[in-house]
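Working notes for the structure below.
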2 protein chains.
Amino acid sequence: MNISNSEENYLKTIFHLQADTEKVNTNAVAEKLNTRPASVTDMMKKLSAKKLLDYQPYKGFSLSGEGRKIALGIVRRHRLWEYFLVEKLHLGWDEVHEIAEELEHVSSKRLIDKLDEYLGFPKFDPHGDPIPDSKGKLRRSNEILLLQLPLHQRAEVCRVGNQSAEMLELLQHKNIRIGTKLEVKNNFHFDGSIEVKVKNTTVSISEQLAKNIFVTYES
Amino acid sequence: MNISNSEENYLKTIFHLQADTEKVNTNAVAEKLNTRPASVTDMMKKLSAKKLLDYQPYKGFSLSGEGRKIALGIVRRHRLWEYFLVEKLHLGWDEVHEIAEELEHVSSKRLIDKLDEYLGFPKFDPHGDPIPDSKGKLRRSNEILLLQLPLHQRAEVCRVGNQSAEMLELLQHKNIRIGTKLEVKNNFHFDGSIEVKVKNTTVSISEQLAKNIFVTYES
DNA sequence: ATTAATTTTTAGCTTAGTCTAAATTTTAAT
DNA sequence: ATTAAAATTTAGACTAAGCTAAAAATTAAT
Ligand SMILES: [Mn+2]
Ligand SMILES: [Mn+2]
Ligand SMILES: [Mn+2]
Ligand SMILES: [Mn+2]
């Protein structure tokens, strides 16, 4: 079956939206893809006819098994390319998403598996998102928001929920990146901000920022 | 100005055909791109309207300065990716063209310049074709066909005119690759075949093969 | 339970890129 | 110089992907 770039973008978007809600609705997809709801409905019919989607008019839709498999392939390509762009070409974390958005549609399986091998089978992309393996398997880690990390619990930054240049800049300034170990020392009710210990220094983090940092910890 | 993948493919094809003849004709383009002459005419009108092409109905067409500049950009991307695929990912010379045919349309200038740097600013792609530099400058070497190399003139293989798996296999079998030094020892009128010395062995090369190998030599 | 607001779908248009068949122009051959 | 063949363009149609505006269905509010 042949799948166009546009169809791939829809599948991937639905896949991502399904992380939040099992059933996805028209407006949400239109919003993400910067298209109109009417265009989404058209495409849903097409994907549904191809059996990549379970769709009942007015009731929302979700990926079929096959649709999910294809979406995982696209996500794999996207994240592998992002890893390549950051680790090998030294592009900034904030500029790789856009480029990967195009590269992800180059679909040679052999290319991607060779790339994976060349990169040393990375498990996470530069933003901490897991990279599906060659068989489409995706590890889900038991992460929580830094905002919800208990006081004095040592943890490690594993993912960011936002990849704007602004956030990258702020994190770099505070010396925080994926893998950084930290511990919450204080949290303030007034503005929701927290103080965390990183290495030997203490930095202040706004609620807004702490909502975009995910961490993991043992036990 | 925005240029679609399809338009890029046409521009690149015309660029390549112009290596042979200044003015390119409709059927030649249709043949190369596996489309119909009528489709070519349509596209020529569009490219002409965009001033990327000099076009007079029934008279053929050639790239404008701007068109040539864009075509060189595409060729640059194509050949850099081919180099990457062979040198870094270790794909075979015969399988990279198809993949590069897609990658060449990812047009981020920053991506390509970073890739170029990462690869060490290579001057030639895996088939010996020159890679335009960041400014679109293209070196042309003074190469000749192996078939026309004078007897006993030491020379170096610099390019192949065909990149099929079959030819790759044959060349590998005869231990010949880009950069191989050789010298013609005999040529036979009966079938046009020649004998060349490579390292310390003598190998026989058919006329058909010798027409697809280009060499350079000093003075 | 009606009515109002929101969401989704349908209907009808548009553009890019392709095609086939027919008309036209150019080139080649008598 | 005519005629025949080949190349090119035009005309008209199709598909994919999008849009706007209107209709229909669902959900929320009185
Ligand atoms: Mn994309
Ligand atoms: Mn990412
Ligand atoms: Mn191409
Ligand atoms: Mn090449």
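The chains referred to below are lettered A, B, ... by the order of the sequence lines, with proteins before strands, and numbering in each begins at 1.
Remark: A:Lys88 fails to qualify as a cation-pi partner of B:Phe84 under the 6.0 Å distance and 45° angle criteria applied to the six-membered ring.
What separates CZ of B:Phe61 from C1' of D:dA7 is a distance of 11 Å, to the nearest Å. Spacing between atom CE of A:Met44 and atom P of C:dT8 amounts to 12 Å, rounded to whole angstrom units. Nucleotide D:dG18 holds its C1' atom 15 Å from the CG atom of A:Leu47, rounded to whole Å. Between the NZ atom of B:Lys23 and the P atom of C:dT27 there is a distance of 13 Å, rounded to whole Å. Between B:Gln56 atom CD and C:dT25 atom C1' the separation is 14 Å, expressed in whole Å. Here the C1' atom of nucleotide D:dT8 and the CG atom of B:Asn27 are 8 Å apart, to the nearest Å.
At distances below 3.5 Å, not a single donor-acceptor pair connects side-chain atoms of B:Arg159 with backbone N or O atoms of B:Gly128. A:Lys123 places a side-chain N or O within donor-acceptor distance of the main-chain N or O of A:Phe121, the cut-off being under 3.5 Å.
Checking C:dT18, D:dT9, D:dC19 against the side-chain heavy atoms of B:Met43 singles out C:dT18 as nearest. Taking the side chain of A:Arg36 as heavy atoms from C-beta on, and the options D:dT20, D:dT8, C:dT10, the nearest nucleotide is D:dT20. Side chain of B:Tyr58, nearest nucleotide from C:dT25, C:dT9, C:dC19: C:dT25.
Each of A:Lys59 and B:Ala28 lies near DNA chain D, and the nucleotide nearest B:Ala28 is the one positioned closer to the 5' end. Each of B:Val40 and A:Pro57 has a nearest nucleotide on DNA chain D; the 5'-most of these lies closest to B:Val40.
For the salt bridge (charged side-chain N to carboxylate O under 4.0 Å, His left out) criterion with A:Arg76, the lone passing option out of A:Asp129, A:Asp113, A:Asp133 is A:Asp113.
Using modelled atom types and a 3.5 Å distance limit, the side chains of A:Glu169 and A:His173 yield no donor-acceptor pair.
OP1 or OP2 of C:dT18 has not a single side-chain nitrogen or oxygen of B:Ser39 nearer than 4.0 Å. Look at A:Lys45 and you'll find a side-chain N or O under 4.0 angstrom from OP1 or OP2 of C:dT10. A sub-4.0 Å separation between OP1 or OP2 of C:dT9 and a side-chain N or O of A:Tyr55 is present. Side-chain N/O atoms of B:Thr26 include one lying less than 4.0 angstrom from OP1 or OP2 on D:dT9.
Salt-bridge annotation for B:Glu8 and B:Arg77: present, with a side-chain N of the basic residue lying under 4.0 Å from a carboxylate O of the acidic one.
At a threshold of 4.0 angstrom between heavy atoms, the contacts of B:Asn25 are confined to the sugar-phosphate backbone, with no base atom among them. Among the atoms of the strands shown, base atoms are found under 4.0 Å from some heavy atom of B:Pro37.
B:Lys114 NZ: more than 12 foreign heavy atoms inside a 6.0 Å radius.
A heavy atom closer than 4.0 Å to some atom of DNA chain C occurs in B:Ser6, B:Tyr10, these being the qualifying members of residues 5-14 of chain B.
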